[in-house]
Amino acid sequence: MAFRPLHDRILVRRIEADEKTAGGIIIPDTAKEKPQEGEVLAVGPGARNDSGQLEPLDVKVGDRILFGKWSGTEIRLDGEDLLIMKESDVMGIIENVAGMKKAA
C-alpha cells in the first residue's frame, strides 16, 4: 500500500477486542462495540503553526493509540477497513502493552 496522509492526519488500523469476557462468555458480533484502540500505520508531516513553521506530530508509525468512538473517517484500502483521523482525535498513546497485561 502506498498512502501518505497530509498535514496532521494519521492512518489507523483498529485493534479488535477480545471475543470472550474474563468469565468465558462469548460476545456475539452484534453486541460488540467498535474498538477504540488502534495501531498507527502512517502519519502526515505535521501541521503549520501561526508563524508558518511545521509542527511534527506526537504519534509515530507503530504506536498503539486510544481514540473516541466516532473519531475519524472510515476508508477501505487494499481490502482492509482503516481510519483516517486528525491527531487531535487521539486521546493517548498506549505504552508498554506487555507490562499492562501482566499487571492485570
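Because the structure is predicted, anything quoted here is derived from the model rather than measured.
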K.L.:
Could you state the interatomic distance from NE2 (His7) to CG (Leu54), rounded to the nearest 0.5 Å?
P.N.:
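If we round to the nearest 0.5 Å, His7:NE2 and Leu54:CG are 10.0 Å apart.
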K.L.:
Which residues pass the side-chain hydrogen bond (donor to acceptor under 3.5 Å, both in side chains) test with Asp63, sequence neighbours left out?
P.N.:
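For Asp63, the residues satisfying side-chain hydrogen bond (donor to acceptor under 3.5 Å, both in side chains) (neighbours in sequence not counted) are Lys60.
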K.L.:
Return each pair, listed once, that meets side chain to side chain donor-acceptor pair (under 3.5 Å) where at least one residue sits in residues 81-93; pairs must be two or more places apart or across chains.
P.N.:
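Every side chain to side chain donor-acceptor pair (under 3.5 Å) pair that includes a residue of residues 81-93, provided the two are not neighbours, is Arg76-Asp81.
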K.L.:
Assess whether side-chain contact (heavy atoms from CB on, under 4.5 Å) is satisfied between Ile10 and Ile65, documenting all intermediate values.
P.N.:
CA-CA 11 Å; Ile10 60 175; Ile65 59 168; 3.9 Å; yes
K.L.:
How long is the span from the CE atom in Met91 to the CG atom in Leu66, to the nearest 0.5 Å?
P.N.:
7.5 Å
K.L.:
Can you list the residues that meet the salt bridge (Lys or Arg N to Asp or Glu O under 4.0 Å) rule with Glu39, with sequence neighbours excluded?
P.N.:
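Glu39 satisfies salt bridge (Lys or Arg N to Asp or Glu O under 4.0 Å) with Arg13 once adjacent residues are dropped.
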K.L.:
Taking only residues two or more places apart in sequence, or in another chain, which ones meet Ala47 in a side-chain contact (heavy atoms from CB on, under 4.5 Å)?
P.N.:
Asp8
K.L.:
Is the shortest side-chain heavy-atom distance between Leu11 and Ile75 below 4.5 Å?
P.N.:
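They are in contact (side-chain heavy atoms under 4.5 Å apart), so the answer is yes.
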K.L.:
Using every non-hydrogen atom in the two residues, find where Phe67 and Gly38 come nearest and quote the distance to one decimal.
P.N.:
CE2-N, 3.6 Å
K.L.:
Which residues pass the side-chain hydrogen bond (donor to acceptor under 3.5 Å, both in side chains) test with Arg48, sequence neighbours left out?
P.N.:
none
K.L.:
So which heavy atom on Pro5 is nearest to which on Pro45, and how close?
P.N.:
O-CD, 3.8 Å
K.L.:
State the CG-CD1 distance between Leu41 and Ile84, to the nearest 0.5 angstrom.
P.N.:
10.5 Å
K.L.:
Do you know the tightest heavy-atom contact between Lys69 and Arg14?
P.N.:
O-NH2, 4.4 Å
K.L.:
If the condition is side-chain contact (heavy atoms from CB on, under 4.5 Å), which residues does Leu6 pass it with, not counting sequence neighbours?
P.N.:
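Leu6 satisfies side-chain contact (heavy atoms from CB on, under 4.5 Å) with Arg4 only.
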